[in-house]
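Structure first, commentary second.
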Amino acid sequence: MGKLVEGVWHDVWYDTKATRGRFERSESQFRHWITPTGEAGPSGQAGFRAEAGRYHLYVSLACPWAHRTLILRRLKGLEERISVSVVHPVMREHGWTFATDFEGATGDDLYGLDFLYQLYLKADARYSGRVTVPVLWDKQRQTIVSNESADIIRMLNGAFDGLGAKPGDYYPPALRQDIDELNTWVYDQINNGVYKAGFATGQDAYDEAVTTLFEGLERLERRLSDRRYLLGDRLTEADIRLWTTLVRFDAVYHTHFKCDRRKIAEYPTLYGYLRDLYQTDGIAATTDLQHIRHHYFRSHPTINPHGVVSTGPQQDWTRPHDRASLSQENQV
Ligand SMILES: N[C@@H](CCC(=O)N[C@@H](CS)C(=O)NCC(=O)O)C(=O)O
């Protein structure tokens with residue numbers, strides 16, 4: 001774990017002293033957009049036109065934010081158009097590495113680099129900030145388009161439709177306002193909530209985070225009891241963003257991040273929803289519990305000093321879920 005300061009790597013843990021034990025996630029800094037024509041998107045510069053073979057995703061299979069991008073790439077059928085490199089799951093003194101001694105860790109397919117921070121330096125030799133996944137890389141301009149998963153999934157959703165992406169709009173105009181509202185609290189209470197609990201270095205900060213997290217889960221349990229997806233009959237990005245946290249919950253957050261009031265398997269609705277999405281359109285193939293478990297248990301020595309990976313619950317996500325009966329179209 002570390003960060004770059006004016007182009008120099010420093011091995012430092014998150015500083016929670018200034019925030020009274022609270023973990024605060026820093027903002028992503030590369031915020032350009034791929035668009036169908038290459039015109040500028042909502043932020044950043046123009047010049048990133050959607051083209052097959054031009055862009056590359058750097059991901060960790062462990063990371064819930066990177067996982068969102070792999071799911072959208074899959075749902076939109078972009079595997080042939082956007083290539084992927086997978087970092088090693090264990091992130092220690094050099095940050096994310098391209099070591100390949102773990103099944104599924106590919107190394108850096110483009111440049112043969114050793115560490116992800118070297119890729120950030122290729123984009124900006126004086127970069128200061130955290131070195132995170134996912135990274136959407138432009139092979140043509142040799143720079144980072146975006147390191148913000150929330151933006152990357154929207155690009156994958158819409159920018160490649162003219163290049164033969166699979167149909168399906170996971171951020172449809174009519175639902176955008178509702179999706180944005182949901183995303184805001186789901187991010188704060190759930191996606192980032194587990195990290196706020198896990199990385200808290202004070203009792204008050206932990207208590208606050210874990211209380212808010214479980215209030216959020218209760219609220220979702222109620223919401224999903226009478227509709228198949230968060231926004232009704234239609235799978236949207238809001239589901240994908242929630243799901244990458246739910247699928248890691250019992251395997252790591254429950255123990256490693258002390259989110260142990262309840263397991264997702266103890267919420268009948270949320271657990272059915274978890275299995276429903278797992279069984280949807282190849283999403284299972286983007287999910288790698290070995291990377292997930294080895295990353296968390298072995299990358300945070302302040303939480304788990306010996307890096308022992310726990311055995312984990314034995315759950316079968318291929319079991320039936322019966323969520324389809326909640327769809328309006330199946331209720332007439
Ligand atoms: N806001 C970013 C967050 C990405 C992020 O924090 N990724 C984590 C992995 S799960 C990371 O790379 N952390 C490295 C670090 O903080 O040094 C996004 O959604 O893309």
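Ligands are counted one by one from 1 in listed order, and the atoms in each one are counted from 1 as well.
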Tyr195 side chain near Tyr253 side chain, heavy-atom distance below 4.5 Å: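 With C-beta onward as the side chain, the pair touches.
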Sequence-distant partners of Ile190, side-chain contact (heavy atoms from CB on, under 4.5 Å), two or more places apart: Val186, Leu213, Leu217, Leu220, Leu242, Thr245
Which protein non-hydrogen atom lies closest to [atom], naming both residue and atom, and how far is it?
| atom | result |
| --- | --- |
| atom 5 (C) of ligand 1 | Trp65 CD1, 3.4 Å |
| atom 16 (O) of ligand 1 | Tyr14 OH, 2.7 Å |
| atom 6 (O) of ligand 1 | Arg25 NH1, 2.7 Å |
| atom 1 (N) of ligand 1 | Glu148 OE1, 2.9 Å |
| atom 12 (O) of ligand 1 | Trp96 NE1, 2.8 Å |

In ligand 1, which numbered atoms sit nearer than 4.0 Å to a non-hydrogen atom of [X]?
| X | result |
| --- | --- |
| Tyr195 | 10 (S) |
| Arg130 | 15 (C), 16 (O), 17 (O) |
| Ser149 | 18 (C), 19 (O), 20 (O) |
| Ser28 | 1 (N), 2 (C) |

For the aromatic rings, using the six-membered ring if either is Trp, is the centroid distance between [X] and [Y] under 6.0 Å?
| X | Y | answer |
| --- | --- | --- |
| Phe30 | Tyr127 | yes |
| His94 | Tyr117 | no |
| Tyr273 | His321 | no |

Parallel, tilted or perpendicular: ring planes of Phe199 versus Phe23, cut at 30 and 60 degrees: perpendicular
Ligand 1 N/O within reach of Thr132 N/O, cut-off under 3.5 Å: no
From the candidates Val133, Thr69, Asn147, Val131, the one that places a heavy atom nearest atom 14 (C) of ligand 1: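 It is Val131 whose heavy atom sits nearest to atom 14 (C) of ligand 1.
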Shortest reach to atom 9 (C) of ligand 1 by a heavy atom, considering only Gly95, Gly2, Cys63, Pro134: Cys63
Cation-pi, Phe249 ring and Lys263 (6.0 angstrom, 45 degrees):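 No, Lys263 does not lie over the aromatic ring of Phe249.
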Stacked cation flag Arg293 on Tyr296, 6.0 angstrom / 45 deg: no
